[in-house]
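A short write-up of the structure that comes next.
Order of the sequence lines sets the chain letters (A, B, ...), proteins ahead of strands, with each chain counted from 1.
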Amino acid sequence: MAEYDFREAEVRWQRRWDEDGTYRVDLDDPRPPYYVLCMYPYPSGPAHQGHIRNYTFGDVLVRHRTMQGHAVLSPFGFDSFGLPAENAAIKGGDHPRVYTEARIAELTASVKRLGAVYDWRRELRSHDPDYIRWNQVIFLELLRAGLAYRAEAPVNWCPGCHTVLANEQVLADGTCERSGDVVERRNLEQWFLRITQYAEELLDALDGLDWPERVKTMQRNWIGRSEGAQFRMAVSGRPGIEIEVFTTRPDTSFGMTYAVLAPEHPLVAVLVTDGHEDEVAELCARAKQATDIERQSSEGSLEKRGAFTGSYCVNPFNDELVPIYVADYVLMGYGTGAIMAVPAEDERDFAFAEAYGLPIVRTVEPPGGFTGAYPGDGLKINSGFLDGLDVTAAKRAAVEFLENLGIGSRKIHYRLRDWLISRQRYWGCPIPVMYCSTHGIVPVPAEDLPVLLPDDVEFRPTGESPLRFHEAFLRTTCAICGGPAVRETDTMDTFVDSSWYFLRFCNPRDETGPVDLGAARHFMPVDQYIGGITHAILHLLYARFFTRALADTGLGPKEVREPFSQLFCQGMIRLGGRAMSKSKGNVVSPDDYFAKVGADALRLLHLFIGPPVDDVDWNEQTEEILEGCSRYLGRVWRLATDPPEQPVDPAQDDTASESLLLRRAVHHTIARVTADIERYAFNTAVAACRELTNTISRHARSGTDRAVIEESIDTLLELLAPFAPHLTAEAYEFRHGDNVHTRPWPVADVRLLTEQNVTMVVQVNGKVRDRIEVERDISEQAAAEAALASPKARAALGGAAVARTIAKPPRLVNIIT
RNA sequence: GCCCGGAUGGCGGAAUGGCAGACGCGGCGGCCUCAAAAGCCGUUGUCCGAGAGGGCGUGCGGGUUCGAGUCCCGCUCCGGGCACCA
């Protein structure tokens with residue numbers, strides 16, 4: 001047989017997989033459905049190694065599950081709205097659509113060269129008019145359901161670019177990634193989605209997900225549930241005016257020595273008294289203009305900035321007056337924007353109290369020698385009716401007290417904020433509303449959808465959205481009164497697009513709604529979702545929210561509330577110690593490797609180089625390992641198509657026992673590879689295949705029964721098929737004229753997994769001294785006797801008396817002196 | 001600061017509390033060849049030893065156990081996430 005020509009064979013097999021329908025599935029497929037999905041990519045050009053790694057893992061699962069008899073849904077699409085395309089246009093390049101579609105073509109080509117199989121009939125792109133239409137239908141439904149709303153919010157504004165930036169575009173030093181200008185906070189009218197309505201459910205449901213613990217922890221922190229009490233306090237001498245505070249430590253209320261309002265709190269202006277205006281105004285002004293970065297910097301947490309309003313409120317627990325301060329360490333966006341300050345039990349309050357000379361009253365006695373805030377448990381002191389209770393009991397009693405007074409209650413707050421989806425950008429899905437001077441916000445009627453982006457636009461070097469200057473787009477008529485109206489020029493955050501595409505994939509050409517309920521019921525949830533850890537919070541949280549919002553509005557199946565049953569996050573590729581990414585310009589293009597060693601070798605590299613969850617450092621050794629993978633595939637090819645000459649006259653006795661040994665090795669390998677794929681240990685699965693290859697080669701050179709060798713080679717090709725799909729397909733076809741990818745996945749014969757004789761380790765005082773062959777079902781006593789009979793063990797004992805033996809047959813016996 | 005991960009040969013990495021280093025990369029030796037490439041075979045933790053063999057070895061210090069890379073306690077270093085959220 002000729003040498004394997006991967007250049008020719010890979011192209012041929014890829015065309016065949018595209019045409020033969022093996023990886024197309026439909027609703028009437030009798031096989032059980034299984035949904036494998038890799039996070040759909042932003043099309044940035046030809047695939048980089050991170051994509052290759054992601055799609056290789058996904059493809060292994062698709063092919064493996066297909067061989068196991070599932071109807072595997074494996075769709076592919078593009079997250080094709082986004083900033084780089086628009087930035088390219090601003091720099092004088094092509095129109096974002098032209099640019100994006102060129103990048104999609106490039107990425108599609110590399111994905112196909114990898115030999116990853118998809119049901120391409122289902123391809124979708126978020127910039128397609130069809131997807132835009134359903135995106136807009138969803139938005140309007142969320143608006144109708146009260147889950148979308150418009151409100152004023154502080155945003156990141158870049159004065160150089162004349163636009164709002166996404167958080168990701170603001171660098172760590174608070175400057176714009178593109179212009180380098182210092183980003184400002186501005187209050188603008190923005191669209192929000194009410195994700196906070198689902199905070200509790202999003203948090204609670206995490207427990208039942210088969211996701212990496214790390215990701216679940218990050219989501220829990222992000223949602224940030226905190227349980228406490230909320231209550232109102234009267235302001236001294238100001239009847240009718242109260243401040244409301246939230247605390248997680250109502251048990252410490254007797255230690256309240258002051259109260260604090262956030263600078264943005266509406267009562268600040270009301271409560272400030274003569275002589276305090278200037279100081280308070282200055283503080284508020286400074287807080288307002290400070291960037292988030294400045295306000296939250298670690299240095300800022302040490303020097304707390306505040307001012308006294310001149311007013312006092314009444315602590316309802318002991319009727320004492322406490323001064324009301326304004327301080328920038330209290331945030332308007334959390335809780336009530338006002339706190340009771342207990343310096344003795346809160347570090348931040350402690351720092352502020354020290355800086356401003358405020359009293360500190362402990363309500364829990366800290367351990368001896370302890371100075372500073374003590375947030376730990378202990379019995380209450382200085383706390384009136386709470387004295388002597390522990391923290392938990394005191395919390396309960398304090399809430400009860402507030403409830404009896406009718407001024408407060410138990411309350412749960414979440415750190416999670418509503419999702420701001422407005423982007424002052426062109427290349428995104430238009431928000432389908434208009435503004436009428438008489439009717440205000442008017443949704444675009446369903447029959448007028450989609451609202452598409454006009455193509456004839458001018459990209460300004462300032463970065464201002466071209467939609468704001470496009471008269472034909474801007475001017476419209478009110479859907480209610482027919483009077484003049486202007487369209488919303490903001491577009492949606494691209495995370496909106498990616499929050500439901502996995503539902504659309506179930507039937508992407510459905511004309512009746514965004515999600516085909518029947519198809520979604522059939523395929524959802526995604527059984528196996530694969531992507532980078534970078535999306536641990538945003539995308540994965542938004543998708544969970546959307547799935548619920550669609551279920552509740554009837555746009556999605558109501559029983560599908562979680563989108564992804566199992567999540568796998570693969571490690572990053574690093575080059576020179578940094579994440580490999582196109583924006584950092586440190587990429588190693590897979591295209592060169594496709595040409596040099598072929599797709600199968602590159603796939604094998606990613607599978608074999610280490611645990612899939614771990615990061616990979618791309619260096620000289622990586623290339624050498626790739627060479628090794630390429631060599632290995634050559635060995636498999638030769639073994640399968642041109643096996644070595646055997647000795648002419650093998651001894652019959654040997655042949656029988658050698659055959660059994662080989663068959664045992666084959667079935668052990670089947671068991672290992674199957675289990676390893678299921679636990680994402682692709683590196684050890686490949687290692688097991690390589691071990692088997694070595695074993696078969698050894699047998700092939702000796703006199704082992706030819707039929708057993710051939711059978712072993714077939715199984716090896718089947719086990720390798722998900723990893724190296726082209727070469728195994730070619731070899732299998734050569735051998736049998738059959739398609740390895742439609743073969744059933746091999747099943748290990750348990751009778752061959754349990755061996756009659758095993759090697760038992762003999763230890764003396766925990767050190768291995770001998771290895772002896774024993775029967776698998778040897779008794780404890782017989783094992784111990786065999787161990788004591790070992791000459792090597794006896795030598796190690798050197799005549800010392802045996803105190804006892806620990807026998808764990810048939811693996812090990814430990815002799816203790 | 002808080003919360004997670006991690007640390008094993010020269011390197012990437014294997015090891016349900018039971019043979020540490022599977023499988024590779026690199027190195028070394030050999031076969032093939034006029035020669036080279038490719039390919040094939042062998043060897044490769046470390047120290048002592050001619051050898052047989054033995055000592056030591058999973059970041060550091062303790063502990064549990066007949067037995068610890070694995071479990072527990074206390075550190076060191078590295079990586080990541082969160083970071084005034086009351």
Side-chain angles (χ1 to χ4, degrees), chain A residues 3 212-218 220-222 224-226 228-230 245-249 252 260 262 295-298 300-302 304-305 327-331 333-342 345-349 351-352 413-417 533 536-537 572 574 604-605 608-611 613-617 619-629 631-632 634-635 638 644 672 681 683-694 697-698 701 759-771 792 795-796 803-808 811-817:
Chain A
E3 276 293 290
E213 231 13 83
R214 198 161 49 126
V215 174
K216 293 205 274 188
T217 303
M218 283 163 76
R220 283 191 192 102
N221 291 341
W222 188 263
R225 179 184 197 273
S226 63
Q230 192 161 311
V245 296
F246 172 70
T247 177
T248 54
R249 294 291 305 274
T252 64
V260 188
R295 194 157 158 189
Q296 293 174 6
S297 70
S298 51
S301 71
L302 298 174
K304 307 246 174 261
R305 291 150 297 205
D328 62 0
Y329 79 95
V330 172
L331 308 174
Y334 188 78
T336 59
I339 61 159
M340 68 168 199
V342 185
E345 276 99 34
D346 182 286
E347 272 181 52
R348 298 152 301 182
D349 296 343
F352 190 85
H413 273 288
Y414 295 90
R415 209 184 71 106
L416 184 70
R417 303 299 156 78
I533 188 89
I537 297 171
M572 291 183 314
R574 284 188 306 231
L604 215 50
L605 168 82
F608 181 67
I609 195 164
V613 281
D614 286 2
D615 289 350
V616 174
D617 272 310
N619 53 33
E620 311 76 46
Q621 203 198 348
T622 316
E623 313 247 343
E624 286 165 355
I625 293 173
L626 178 60
E627 287 296 321
C629 290
R631 274 201 301 272
Y632 168 66
R635 272 201 297 283
R638 284 189 297 278
R672 280 174 67 187
N683 55 329
T684 52
V686 173
C689 289
R690 296 182 83 142
E691 232 175 299
L692 180 62
T693 308
N694 295 340
S697 293
R698 213 159 42 236
R701 284 195 306 275
T759 306
M760 187 177 79
V761 169
V762 180
Q763 295 183 335
V764 175
N765 291 324
K767 283 190 202 277
V768 179
R769 296 300 175 177
D770 199 9
R771 299 178 169 91
K792 288 185 182 173
R804 58 190 276 220
T805 57
I806 287 128
K808 296 283 169 181
R811 298 248 75 97
L812 172 141
V813 172
N814 194 2
I815 304 166
I816 313 299
T817 58

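The distance between atom CG of A:Asp615 and atom P of B:G79, rounded to the nearest whole Å, is 12 Å. A:Leu604 places its CG atom 11 Å from the C1' atom of B:G24, with the value rounded to the nearest Å. Put simply, CZ on A:Phe352 is 19 Å from P on B:A86, counting in whole angstrom units. Atom CG in A:Leu605 sits roughly 15 Å away from atom P in B:G12 (whole-Å rounding). Atom CZ of A:Phe608 is separated from atom P of B:C11 by 17 Å (rounded to the nearest Å). Atom CD of A:Glu347 is separated from atom C1' of B:C84 by 10 Å (rounded to the nearest Å). Look at OH on A:Tyr334: it is 13 Å from P on B:A83, rounded to the nearest Å. With rounding to whole Å, A:Gln230 atom CD is found 12 Å from B:A86 atom P.
For the P atom pair drawn from B:G21 and B:A36, the interatomic distance equals 36 Å after rounding to whole Å. Spacing of P atoms, B:G59 relative to B:G12, comes out at 14 Å, to the nearest Å. Rounded to whole Å, the P atom of B:G30 lies 22 Å from the corresponding atom of B:C47. When the C1' atom is compared between B:C77 and B:A68, the two are found 22 Å apart, to the nearest whole Å.
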Using the 3.5 Å cut-off, write out each protein N or O paired with an N or O of nucleotides 64-71 of chain B and the distance between them.
residue : atom : partner  : partner atom : Å
B:C66   : O2   : A:Asn814 : ND2          : 2.7

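Each of A:Val616, A:Leu626, A:Val686 was checked for a side-chain contact (heavy atoms from CB on, under 4.5 Å) with A:Leu605, and the lone residue meeting it is A:Leu626.
A residue-by-residue look at A:Met218 and A:Ser226 shows that A:Met218 has its nearest nucleotide of RNA chain B further toward the 5' end. With the nearest nucleotide of RNA chain B identified for both A:Asp346 and A:Glu213, A:Glu213 has the one nearer the 5' end.
Between the side chains of A:Asn619 and A:Thr622, at least one donor N or O sits under 3.5 Å from an acceptor N or O.
For A:Asn694, no side-chain nitrogen or oxygen approaches OP1 or OP2 of B:C23 to under 4.0 Å. Put simply, A:Arg415 has a side-chain N or O that comes within less than 4.0 Å of OP1 or OP2 on B:A83. Note on A:Thr217: every side-chain N or O is 4.0 Å or more away from OP1 and OP2 of B:G81.
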>> Before you tell me yes or no, could you show the steps for A:Thr336 and A:Gln230 under side-chain contact (heavy atoms from CB on, under 4.5 Å), namely the whole-Å CA-CA distance, both residues' side-chain angles and the distance that decides it to 0.1 Å?
In response: CA-CA 8 Å; A:Thr336 59; A:Gln230 192 161 311; 3.4 Å; yes
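Base orientation of B:G9: syn, since the glycosidic angle falls within 90° of 0.
Residues A:Ile816 and A:Ile806 come closest through the heavy atom pair CG1-CD1, 4.0 Å.
When the shell of 6.0 Å around CZ of A:Arg415 is examined, it contains more than 12 heavy atoms from other residues, nucleotides or ligands.
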>> At under 4.0 Å between heavy atoms, how does the protein contact nucleotides 38-44 of chain B? Give one character per nucleotide, 5' to 3', with B, S or -.
In response: -SSS---
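No contact: A:Tyr414 has no heavy atom under 4.0 Å from any strand. Within 4.0 Å (heavy atoms only), A:Gly224 reaches no atom of the nucleic acid at all. A:Gln621 comes within contact range of at least one nucleobase, with a heavy-atom separation under 4.0 Å. Across all strands, A:Val761 comes closer than 4.0 Å to base atoms (heavy-atom distances).
Ring geometry for A:Tyr334 against A:His413 counts as tilted: the plane angle lies between 30° and 60°, on a 0 to 90° scale.
The partner of B:C40 is B:G30, by the rule that a Watson-Crick or G-U pair needs both atom distances under 3.5 Å. The nucleotide B:G67 finds no pairing partner, because no Watson-Crick or G-U wobble arrangement with both distances shorter than 3.5 Å includes it.
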